[in-house]
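As structure tokens, the structure follows; a few thoughts come after it.
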Amino acid sequence: TWPTASEQDATAMTTSQTQAVWELCRQGLPLLADEATERWNQGQPFELDAELRLARYIKYLISQSNWELRRRAKAG
């Protein structure tokens, strides 16, 4: 069966999430990208290891993605 529109909206990744995943892959961290995707698709925030060194831009994308996730949860 095909997912309903509301089910698709619930699991659709935002632009920030997609960009964050792409950047993680581009940095050679595909397993981390998979983990982020899985967490966001489960409706949970993705938290980076504090010791992991990434560009501020990627950290910002992840922070923005988590914020969008919380906002979506409050609206739903």
Side-chain angles (χ1 to χ4, degrees):
T1 62
W2 295 99
T4 65
S6 61
E7 289 171 335
Q8 286 177 335
D9 288 344
T11 60
M13 290 183 62
T14 67
T15 301
S16 296
Q17 290 170 338
T18 302
Q19 286 177 321
V21 167
W22 186 84
E23 286 292 341
L24 288 169
C25 287
R26 196 170 77 83
Q27 295 294 316
L29 301 166
L31 297 178
L32 207 56
D34 287 345
E35 183 181 339
T37 300
E38 187 174 326
R39 301 278 299 177
W40 288 327
N41 284 340
Q42 292 173 351
Q44 300 173 357
F46 173 67
E47 300 297 331
L48 286 171
D49 184 343
E51 295 179 14
L52 186 62
R53 299 187 76 191
L54 289 174
R56 275 184 258 163
Y57 173 68
I58 299 171
K59 289 181 180 181
Y60 170 78
L61 284 172
I62 292 169
S63 176
Q64 176 71 22
S65 297
N66 287 334
W67 177 84
E68 290 169 352
L69 183 76
R70 288 189 299 273
R71 186 160 185 215
R72 186 186 292 182
K74 284 183 182 180

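Residue numbers count from 1 along this sequence.
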What I'd like to find out is whether the side chain of Thr18 reaches to under 4.5 Å of the side chain of Trp40, using heavy atoms alone. no
Do Phe46 and Leu32 come close enough that some side-chain heavy atom pair is under 4.5 Å?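 The answer is yes, as the side chains (C-beta and beyond) meet within the 4.5 Å cut-off.
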According to the salt bridge (Lys or Arg N to Asp or Glu O under 4.0 Å) rule, which pairs have a member within residues 38-55, sequence neighbours left out?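 For residues 38-55, and leaving out neighbouring residues, there are no salt bridge (Lys or Arg N to Asp or Glu O under 4.0 Å) pairs at all.
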Which residue pairs satisfy the salt bridge (Lys or Arg N to Asp or Glu O under 4.0 Å) criterion with at least one member in residues 54-70, sequence neighbours excluded?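 Listed by first then second residue: nothing to list.
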Shared ILVMFWY cluster between Leu31 and Ile58, side chains joined below 4.5 angstrom?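 No, no single cluster joins them.
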Closest non-hydrogen atom pair between [X] and [Y], with its separation:
{"X": "Arg72", "Y": "Ala12", "value": "NH1-O, 3.1 Å"}
{"X": "Leu24", "Y": "Ala36", "value": "CD1-CB, 4.4 Å"}
{"X": "Pro30", "Y": "Cys25", "value": "CA-SG, 4.2 Å"}
{"X": "Leu69", "Y": "Pro45", "value": "CD2-N, 3.4 Å"}

Separation between CG (Leu48) and CG (Leu54), nearest 0.5 Å, reads 6.0 Å
Arg26: side chain to side chain donor-acceptor pair (under 3.5 Å) partners, not counting sequence neighbours: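 In terms of side chain to side chain donor-acceptor pair (under 3.5 Å), with neighbours along the sequence ignored, Arg26 is linked to Glu23.
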Does Ser65 use its side chain to pair, donor to acceptor, with the backbone of Gln17 at less than 3.5 Å?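 Yes; judged by distance alone, with no hydrogens or angles, the pair exists.
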